[in-house]
Number of protein chains: 2
Amino acid sequence: MDKKELVSILRENEIQVTPQRLAILEQLKLRKDHPSAEMLFTCLKDEFPSLTLVTVYNTLQKLELSGLCMKVNPLHTSARYDGNVTAHQHAICINCQKIVDIHDATVFIELPKWFNEIFKVLKQCVNLYGLCKECQELADDDKALLN
Amino acid sequence: MDKKELVSILRENEIQVTPQRLAILEQLKLRKDHPSAEMLFTCLKDEFPSLTLVTVYNTLQKLELSGLCMKVNPLHTSARYDGNVTAHQHAICINCQKIVDIHDATVFIELPKWFNEIFKVLKQCVNLYGLCKECQELADDDKALLN
DNA sequence: GTTATTGCAAACATTTTGCACCAGC
DNA sequence: GCTGGTGCAAAATGTTTGCAATAAC
């Protein structure tokens, strides 16, 4: 993926182009290891000696907001615990962070052969991110206020 | 769930019984809101004025190790980003935290009616926790060393 | 030239660690 | 009484914020 293409991706998303942002976006597009802010910082600080972690965080936030990248583990602010260790799913409200159990969903996951040869699955975890009833209503209220 | 039952759960798992641990386990079994350490601390500090967050964290760690509770959002130490925002799954190694993409899995999730009435799903997220090939081999080595 | 971004310092939140005192067995 | 847990202080880690210098348009 060449620089021109990266530049136009940023422009299309109305994100001002800077060398730091180009480099971070390039890393995200190239790498397959799902880096953390720290990992990106470490690999780019030689190329940009003045680069700081703050800029990496700022950039990631901006890219995520435009849908150019996403967190593999959202809702990571603090660990949330469940005393029910039987198999079930979680629905997580992206607004109020409420977590709702779903015990009666049907989940079917078939994994490709290549994958089962390199990875031993111990736990399978389905999370549904979205809006709970209360937060949907709040969102509707927001829309109403805009009229 | 009465105290006797909680005591025997702890004893069965060879966890020394203390009032703090009983109270935390009780909360985890009773509550449906998947509390954080802070939330548990807040609701128990009236009953145990001397209680500290440290004890809550210690207890949660011990309970999790015995499978008596689990984190809803494991691998929360630092956010990991993905530049590929198309739908795919992640396999996450619980040992080295490597994250592997799976693009060719078949995922079918049917949600109960009651759920769709109270929650609007925006993103569905399947995470497979387990061991990557390298860490499986290390685990085998560990076993070999024990012989 | 104006606006937005970067980099610095510092704050903040979450979680972990070292150590003295205390409670469970 | 011994072992291990609790509570305190402090450190470590990940992330965010306020502000002056600087770069993008």
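All values derive from a computational prediction rather than experimental measurement.
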Worked check of salt bridge (charged side-chain N to carboxylate O under 4.0 Å, His left out) between B/R31 and B/D33: CA-CA 6 Å; B/R31 292 168 72 147; B/D33 65 343; 2.8 Å; yes

B/E134/B/K98 under salt bridge (charged side-chain N to carboxylate O under 4.0 Å, His left out): CA gap, chis, key distance, verdict: CA-CA 10 Å; B/E134 290 75 24; B/K98 185 188 301 166; 2.7 Å; yes

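Computed from coordinates, the B/N58 CG to C/dT14 C1' distance equals 14 Å when rounded to whole Å. Here the C1' atom of nucleotide D/dT6 and the CG atom of B/L53 are 13 Å apart, to the nearest Å. Rounded to whole Å, the distance from CD on B/E38 to P on C/dC12 is 15 Å. In this structure, A/L51 atom CG and C/dT5 atom P are separated by 15 Å, rounded to whole Å. What separates CG of A/L65 from P of C/dT5 is a distance of 12 Å, to the nearest Å. The CG-P distance, from A/L63 to C/dT5, rounds to 12 Å in whole Å. If you measure from atom CD of A/Q61 to atom C1' of D/dT16, you get 8 Å, rounded to the nearest angstrom. Taking atom CD on B/Q97 and atom C1' on D/dG14, their separation rounds to 13 Å, with Å as the unit.
Comparing A/A37 and B/T52 against DNA chain D, the residue whose closest nucleotide sits nearer the 5' end is B/T52.
Within a 6.0 Å sphere centred on NZ of B/K3, heavy atoms belonging to other residues, nucleotides or ligands number 12 at most.
Residues B/S66 and B/I15 meet the side-chain proximity criterion, which asks for heavy atoms closer than 4.5 Å. A heavy-atom distance below 4.5 Å is not found between the side chains of A/Q89 and A/D101. At a threshold of 4.5 Å between non-hydrogen side-chain atoms, the residues A/Y81 and B/M70 do not count as touching. B/L60 is listed as a side-chain neighbour of B/L28, based on a closest heavy-atom distance under 4.5 Å. Contact of the A/L111 side chain with the A/F119 side chain is not registered, since no non-hydrogen atoms from C-beta on lie closer than 4.5 Å.
Contact annotation: A/Y57 side-chain N/O to D/dT15 OP1/OP2 distance is under 4.0 Å.
Contacts of residues 4-24 of chain A with DNA chain D (heavy atom under 4.0 Å): A/R11, A/Q16, A/V17, A/P19. Within residues 39-50 of chain A, the residues having any heavy atom closer than 4.0 Å to DNA chain C are, in order of number, A/S50.
Listed by first and then second residue, the ring pair (Phe, Tyr, Trp, His ring centres under 6.0 Å) pairs involving residues 33-72 of chain A are A/H34-B/H90 (not counting sequence neighbours).
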